[in-house]
Structures are given as C-alpha cells and as structure tokens.
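Computed from a predicted structure; not experimentally measured.
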Amino acid sequence: MSTPAQSQRSVGRGVSTLIPQSATDQAMAALTGLETVPVHVGLLQAATLLLEEAARTATDESTKAAMAKTAGMLRSAM
C-alpha cells in the first residue's frame, strides 16, 4: 500500500513529463499557443535582434532553428 506522499510524488512525476523541460521546448510550446495582443514595436525589434545574434552563435541545431523561426515570426509581426 502506498502512502499519500508516495502517491503525490508519482502524480508529480507524471505531470512533469507533460511540461517541456528545456528552454527551447518551452519556447516552442509557447509559440503554439500565441494570441493576438498589443506589444510595443521596440520590444519586438530588440527581441528579434537578440535572437538573431544568439542564433548565429548557437551550436545546437534545434536551438538555432527555434531561434531563427522565432525571430522570423517577430519580424513578420512588425
């Protein structure tokens, strides 16, 4: 028989597998749930420039692709 604490830990581990663990996976999950909201264009410009620069120096191809896709989406939003 399991104790309540053991049951909660089991549930917690199951739920954690549904949540993206890496920053790249979290960003891609966030992009899938985008809504239209007002955003100052300066914020978009700054984020785009930072992502493009980070993508140039990234070594992981999936991270580089996620950054480039996000930067492209930000550019099109402007």
Side-chain angles (χ1 to χ4, degrees):
M1 176 175 217
S2 64
T3 66
Q6 288 172 330
S7 296
Q8 286 177 333
R9 276 185 291 219
S10 296
V11 170
R13 273 185 256 132
V15 171
S16 70
T17 62
L18 300 174
I19 301 168
Q21 299 302 305
S22 73
T24 301
D25 291 340
Q26 289 176 13
M28 294 307 292
L31 290 174
T32 62
L34 287 176
E35 301 179 15
T36 302
V37 295
V39 177
H40 192 280
V41 72
L43 176 63
L44 296 175
Q45 291 170 330
T48 301
L49 292 170
L50 289 170
L51 280 169
E52 288 171 344
E53 180 61 28
R56 279 192 279 278
T57 60
T59 57
D60 179 61
E61 288 302 316
S62 66
T63 300
K64 184 179 270 194
M67 289 177 178
K69 180 178 180 178
T70 305
M73 292 174 75
L74 290 171
R75 284 214 177 272
S76 68
M78 289 186 276

task: List in chain and number order the residues that pass side chain to side chain contact (heavy atoms under 4.5 Å, CB included) with Thr48, two or more places apart in sequence or in another chain; answer none if no residue qualifies.
output: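 For Thr48, the residues satisfying side chain to side chain contact (heavy atoms under 4.5 Å, CB included) (neighbours in sequence not counted) are Glu52, Ala71, Leu74, Arg75, Met78.
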List the residues meeting side-chain hydrogen bond (donor to acceptor under 3.5 Å, both in side chains) with [X], not counting sequence neighbours, and say none if there are none.
X     : result
Glu53 : Arg56
Thr24 : Thr63
Ser62 : Asp60

query: Does Lys64 NZ have over 12 foreign heavy atoms under 6.0 Å away?
result: yes
message: Looking at every non-hydrogen atom in both residues, tell me the closest pair between Ala68 and Ala55 and how far apart they are.
response: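 That would be N-CB, 4.4 Å.
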- prompt: Val39, Leu51: one ILVMFWY side-chain cluster at the under-4.5 Å cut-off?
  reply: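 Both belong to a single hydrophobic cluster.
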- prompt: Can Leu50 be reached from Leu44 by stepping across I, L, V, M, F, W or Y side chains whose heavy atoms are under 4.5 Å apart?
  reply: no
